[in-house]
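Below: one structure, written as structure tokens.
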Amino acid sequence: MKFIKRLLLTGIKKSPWLLHFDCGSCNGCDIETLAVLTPVYDAERFGVINVGNPKHADIFLVTGTVNRKNQEILNNLYLQIPEPKVILAVGTCALSGGIFAEAPNVIGGVDKIIPVDIYIPGCPPKPEAILEGVLKSVELLEDKVKNGKI
Amino acid sequence: MPKTIIPFGPQHPVLPEPLHFSLTVEDEIVQEAIPGFGYVHRGLEKLCEIKDIHKMIQVVERVCGICSKIHALCYCEGIEQMMGVEVPPRAKYLRTIWSELHRMHSHLLWLGLFADSFGFESLFYHFWRIREKILDINEKTAGNRIIVSVNILGGVKRDLSTEDQKWILAELKEIENKLEEVKDTLFKDYTISKRTKGKGILSAEEALYLGAVGPVLRASGVAQDCRQLQYAAFSELDFEPVIAQEGDSFARMQVRYFELFQSIDLIRQALSKIPEGPISVKVKGYPEGENVFRVEQPRGEVFYYFKANGSKFLDRLRIRTPTFANVPALAKMLTGIELADVPVVILSIDPCISCTER
Amino acid sequence: MPMFLKLFLFLLSPFAIGVILGIDRKLTAYLQSRIGPPIFQPFYDLFKLLGKESKTSDYWLSFCAYVYLCGAITCAFLFFLQADLLLIFFVQAVGSIFLVLGAFSVSSPFSQIGGQRELFQIIAYEPLLIAVIVGIYLVTGSFEISSIYKLNYPLLAKLPLLFLILTFALTIKLRKSPFDISASHHAHQEIVRGVFTEYSGSYLAIVELAHWFELVFILGLISLFWANSFFMSTILVFLTYFLEIIVDNITSRLTWRFMLKNAWSVGIILALINLIWLYKG
Amino acid sequence: MEYKFPPFLTTVLTNLLKRKSTRPYPYQKRAPYPEVRGILKNQVEKCIFCGSCSLKCPANCIEINKQEGTWQYKPYLCILCGNCEAACPVKCLTHTTDFPLPCLEKKEILLKGTPPKRKQDKK
Amino acid sequence: MDIYILTLLSIPLLAALLVYIVPFSKAKYIPILALITTSIISIKIFNLNNFDSQLNLKFNYSHLITVLDFILLLFFIKKGWENKDKPILFFNISSLLLLLFLELKIDNSPNFLINIDNISQIMLLFVNIISLFIFIHAIPYMQKHREHFSLKTTSNNNFFCILLLFVAGMNGLIITNHLLHFYFFFEITTLCSYLLIGHDRTQEAVANSLLALRLNSLGGLFFLIGSTGLYFIFPSVDILKIVQKAPVNSLFLLFLAYICLAGMVKSAQLPFQKWLLGAMVAPTPTSALLHSSTMVKAGIYLLLRFSPLFANTFFSTTLALCGGFTFLATALLAIGQDNAKKVLAYSTISNLGLIIACIGINTPASITAALILTFFHAFNKALLFLCIGTIEQKIASRNLEDMRNLYTLMPLTAIITVFGAIAMILPPFGMLLGKWMAIESSAQNILLVLMLALGSAVTVLYWARWAGLFMGYKLREKIKLESQSLLTRIPLLILLLAVFLLPAYSPWLYQEKIYPFILTYSHIWKNNLYLLLGGSFQNSFGSFPLFPLFSLAILGFFIAHYFLLKAKRKPLEIPYFSGLSIDKSSFGYVNPLGQRVIPKTSNYYLLQVIENSKLALWIDRLSLIFILLFLGGGLR
């Protein structure tokens, strides 16, 4: 039993699959997120795959501000990700709305709608920062498993 | 006849941005495509009422992260025109160089995503590897990889030293070589031709009628390029719009690919002609009146309308972006194609939704 | 081969497939000029998926996933027992069909379109595989695998075109470009993940595991083409697999119409030519 | 239109043999370019709390209290545009070359210094 | 034995008479009682091992049959006259003349009028038993059918009467040894199918019934041409004698080809398939009866009877190709159908093509395959037809797309249908066992094996699609078992059991019935007989471990079922709709126009390809070429 638990733990540590949702960002953070997955930064070294399907994801990476139309979608996607999951807010907009915080159709950061585990500041954050965030989220995932949250 | 309705987007792996298409499909042939927008709308035009004209530069830079520099350029030139500010020539050249770098970065990014849309993963990676070089140039010369924030009213913030110029030329040479390497792949690979030729055909008349702009228009054989309006330093540089005749996805790829070489050439010309001098002038006072300014973005013509009242806030700022102009053409192109070609055709106009919805 | 050895090999086979898939990912990464995941990455993925919560959007999904697994295990097991090839092939069909049924049971259009496409893939490769099996029969005079091991020359010498066809089928089965049509390994596809879209958590793990067992059969079929030397058959399998990876990386994804047309014209004609050689030769 | 047999083959094979283009980030960190705008640092002892950075900031992420001498900065609002750095009359604001690291909660930075005495106060 | 035979023929006839006279509400159970009797008798006959297989009844009914035969033909001519249908008139008048000529010519009669061998035993068994279940199912069905269509002109008495006549005709056809009696029973099935198809008296029904009559009269004419020719070469009407003793020369083969052609018309092979498709307008019990056990199997039975005669001839090979082509072409056509009954019809034609291909290959293995396919196909198809009948009455549509997620509406029927479809294509069920034998035994014929391979793949496509259609849960709602009449449910359940469990019985079926049958002609069918070793079929080039597979399948089923139950403990989640706003009450979403959309996917029918008239034309032309090839197959 303990052995199996350890296997599962290794699995969760080494294979974080990522769902990226562009929630109204200016594309800056999106292309940096994509860049993380391309050869120069190659997040697949850590087992990261961009799955594009909430049902397969472990890490929910959100970029951009939340507006009135996409808040529901953000929430839906969040609900569709199976436990254990970690939510990453990438970029200033996702953290707080950034420069758009006062814009008429902007509600604010991602954490107004769903609980965020890790914040990655920057406008846009460098790929290295996103990679750091992913590595940090792996630790969080491991903690969640250890605390029996599955 | 039984039909299938596919909610294509807002979150969908092939779409880099939230955009919705309600596709009605019959045997995987698209019968109808209803676009749905509004997932990225922030209302940033309204921000001009609370952020002064200097701060608005940072806002318009974030209309779209991919062509941020060119948005800022358009904004600055428009305001400067209203205020009658004469920008120093060196600043004009620097603006040109950075904007062409942005165009290259955008086209490379697009070529990658386009390769990805027909499932050519390694080609996608190849283009993004080339693109990293341009981002390095951006980072080294301007301090940030994507949103460079170099423009200010009356000039630019940063200067290019001679070493930097040499380095840029060396990097460009390397990029050119790497691009030459994939030329055969793009134009002579059987599978790529199979997936792009004849997909999403737009004739020149249709393109003009539907108001398409940029590479979409040029790929249909209409030689129209807003850089011919001679803003920034383009009046002193020598170039011809790149065009193709077929008007399909393949032709759009062709146009964008050759525009990369055009941009390299323009940067080289600019670097060879760049004059010495100051890089900015001090701007005092505030604009008044109305103005319209158009520049060529990687995706086509962007259109800025300003209305100012002499205070530090603008009355109205209106941005019409190229993707907005290309969406009618896209909706037309989407009908009658296979579902597998939907991503190819959507990407062939290089949609930038955050531009479109602002 | 003694029975216990066969059993041992059978139990070992999924691990071998896991490692092969790991090497596949590493090699693909190298071809794309990146470092790529560790070799044991497929195992990590599998363990992780097993530990995850499974979201069920239809209860039949779980039923179908497990039938798929059972079918695939039976198929691999029969292969190691050196049973009738045609029978193994039909048993393999059980798994594939139930995978599709699972995808069909959910009302998500992505999964259903994936299912439809998977069915078209099945009708593209099934006749080809049957042709290969018939070719083997014409050479050995029997459908049993054991008879192939009695030959003193490689099957490849007699069935070169059918081997080509087999690699075609392998591309479809491995879900590799240009035929990663119903579900692709990398994320960016118009139908999300096709048949796998709604399988999540442990169901996805089960489906993945079943796919490994299916690969045992397909790669085993390739190894049969040089059955008289263990060394050469291993080389053949790895070489073929390497070629598949290369092809995966230098082609774009094609459409199912193209696949169907070519499988049914070029594939069948090639098969016919090779079979006529055998018949008259 | 003629086709060439897989033209991408050579690229792929050279990729296999050549050095990989991946930057092995957490293990080897590339030295940042000197011009990079990273974390915003304030040498608060130099700061005169004039408020021009706060005024120029497009995202309103800096708040200054002249009386108490506090410089409050919200990193989660900052868009790293560099306007404040350019506006600072005493050059106490600098962007370091390190990028901001991910964090588990949004924290504000509050720096306290001694505001320069005003002329009236001196009198 | 005599008494058995007598009851087999007379009980259905008597019951038919009774049903015709007595009001239906009172005579409801008479057909069932009659068929229970015949079923019991057929089981008894089936269980006999050593018995006097050739016998005569106490009285000679040959003359009676001759008279009836003429009446029948005159009736057809009358119908042809009434409807101004020239082909019917032409075919039947020619038949009449030929028959007259033949009757005058024939001077001998067989030593035995009745011959019951192993295949007749098998046929009798499934014809009677399946008919019984179809009848049980038909009672509630026909009541509803009458109410539903508010038919005034027809009565259910009529319907059941004809059905019973049909069964009697089938029984007669199976046991008779007289070539002309065979023809009579053959025509009886034609008559019954004509009446049954036209039962509803709608315009479409009448047109289709005439079509059926036209084509089947052509079949009858072929039969008469064939038997006249045969009689001139080998003057006997004793089927057994012809098969065992007749000299096989090319002219003989030509006339044999005509007889086979008659069988192919009856089995609705290409290019004569149209009547069976038209027969779909009839009430579902008719379709079930026509498709599963009676009408179409009569053709197969005819071919099987004569198959030893043409073993190892070119004629046989062309027959196989003909069947193989039908298998492939109709499977392709089935893809383009969204009408459930049409899919079933094409599937029937396709499977009959496979059986004929097996008969054409004409080796012990392939004859085994043909018999096994015939046997299991009968049960499987009956089940599927009854399912569709039940579903059709509930949802008032035959369209497959309307049956999407049927599980939520009628779980039991949906599950039964799904399992029926799965049993058509997957091991270890009977149909696949047959297909496996067919492909293995055809492996020598490259063209044929490729056709079978392609056809088998396409078959998988449309059945899998069919099966996939029915499943689907409702969100946050319990699925209740549908209420239906016991008379509807019992046949479904029993046939389901038969489809699932009978394959396990197939080794015995083979050992007891098929193996001895093949041994009777051991001079023709020599090599590669299947042997049974530990519950697995084996011959020199292949083996099918039926029992191990069966146990594995059961194990797999229970494992999967366990996990299904486990999964059911958790609530259902909403599928992936690209993150769109979710409708909380059902699997749906709100689209950008603000409309509620319940996602509706549909199958691909490839209409541009399949419905293309060019394709249909080419299929018809090709099949004609095959027919010509096969007619000339005897000439060397």
Side-chain angles (χ1 to χ4, degrees), chain C residues 54-67 70-71 74 78 83-84 86-87 90-91 93-94 97 100-101 103-113 115-116 119-120 122-128 130-131 134 137-138 141-144 192 197-198 264 268 271-272 275-276 279, chain E residues 405 407 418 422 425-427 432 435-436 439-440 443-444 446-447 449-450 452-454 456-458 460-461 464-465 467-469 471-473 540-545 549 552-553 555-557 559-564 566-568 570 572-578 587 598-601 603-604:
Chain C
S54 340
K55 297 258 175 191
T56 15
S57 31
D58 196 293
Y59 296 127
W60 289 115
L61 220 56
S62 100
F63 183 84
C64 293
Y66 282 95
V67 176
C70 291
T74 315
L78 283 172
D84 189 302
L86 196 62
L87 173 78
F90 280 134
V91 172
V94 178
I97 297 292
V100 175
L101 290 190
F104 269 141
S105 61
V106 194
S107 49
S108 153
F110 299 107
S111 145
Q112 296 212 359
I113 289 175
Q116 300 272 1
L119 278 178
F120 283 119
I122 288 175
I123 71 167
Y125 74 73
E126 264 206 355
L128 301 183
I130 292 184
V134 168
Y137 160 75
L138 287 178
S142 165
F143 282 96
E144 309 266 341
V192 191
T197 307
E198 293 299 330
W264 277 48
I268 291 294
L272 199 63
L275 289 179
I276 289 173
Y279 200 63
Chain E
N405 298 341
Y407 181 78
V418 168
I422 285 170
I425 44 173
L426 292 184
L432 193 105
K435 207 191 274 173
W436 172 81
I439 293 181
E440 292 222 331
Q444 286 293 344
I446 296 167
L447 197 59
V449 83
L450 283 183
L452 293 192
L454 291 170
S456 133
V458 178
V460 165
L461 169 74
R465 211 163 72 173
L469 217 67
M471 307 199 275
Y473 270 89
S540 66
F541 46 76
S543 61
F544 192 103
L549 272 187
L552 277 176
L555 185 71
F557 176 82
I559 290 174
H561 191 72
Y562 168 75
F563 284 104
L564 173 70
K566 211 175 148 195
K568 275 192 181 176
K570 276 189 293 179
L572 276 184
E573 305 272 343
I574 289 150
Y576 174 71
F577 294 126
S578 302
F587 289 127
I598 305 275
K600 191 170 164 268
T601 26
N603 288 332
Y604 300 171

Say whether, by atom type as modelled, one donor and one acceptor occur between the side chain of [X] and the main chain of [Y] under 3.5 angstrom.
X        : Y        : answer
C/Tyr59  : E/Lys566 : no
C/Asp84  : E/Ser543 : yes
C/Glu198 : E/Pro575 : no

When only pairs under 4.5 Å are counted, which of C/Thr56, C/Val106, C/Ile130 shares the most heavy-atom pairs with chain E?
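Result: the option with the highest number of such pairs is C/Thr56.
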Count the heavy-atom pairs under 4.5 Å between each of C/Leu86, C/Leu275, C/Ile97 and chain E, then report the option with the highest count.
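So the answer, after comparing C/Leu86, C/Leu275, C/Ile97, is C/Leu86.
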Do the side chains of [Y] and [X] get nearer than 4.5 Å, heavy atoms only?
X        : Y        : result
E/Leu461 : C/Ile122 : no
E/Leu469 : C/Phe104 : no
C/Val91  : E/Leu552 : no
E/Leu450 : C/Val134 : no

So what's closer than 4.5 Å to chain E heavy atoms on C/Ser111: side chain, backbone, both or neither?
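When you check distances to chain E, no heavy atom of C/Ser111 falls under 4.5 Å.
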At a heavy-atom distance under 4.5 Å, which candidate from E/Leu555, E/Ile422, E/Ile425 has the highest pair count against chain C?
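Of E/Leu555, E/Ile422, E/Ile425, E/Ile422 has the most heavy-atom pairs under 4.5 Å with chain C.
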So, for C/Phe110 and E/Ser578, which heavy atoms are closest and what is the spacing to 0.1 Å?
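What the structure gives for the nearest pair is CZ-OG, 3.4 Å.
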E/Tyr407 portion near chain C, given a 4.5 angstrom heavy-atom threshold
side chain
Intermediate values then yes/no, side-chain contact (heavy atoms from CB on, under 4.5 Å), C/Tyr66 and E/His561:
CA-CA 9 Å; C/Tyr66 282 95; E/His561 191 72; over 6 Å; no
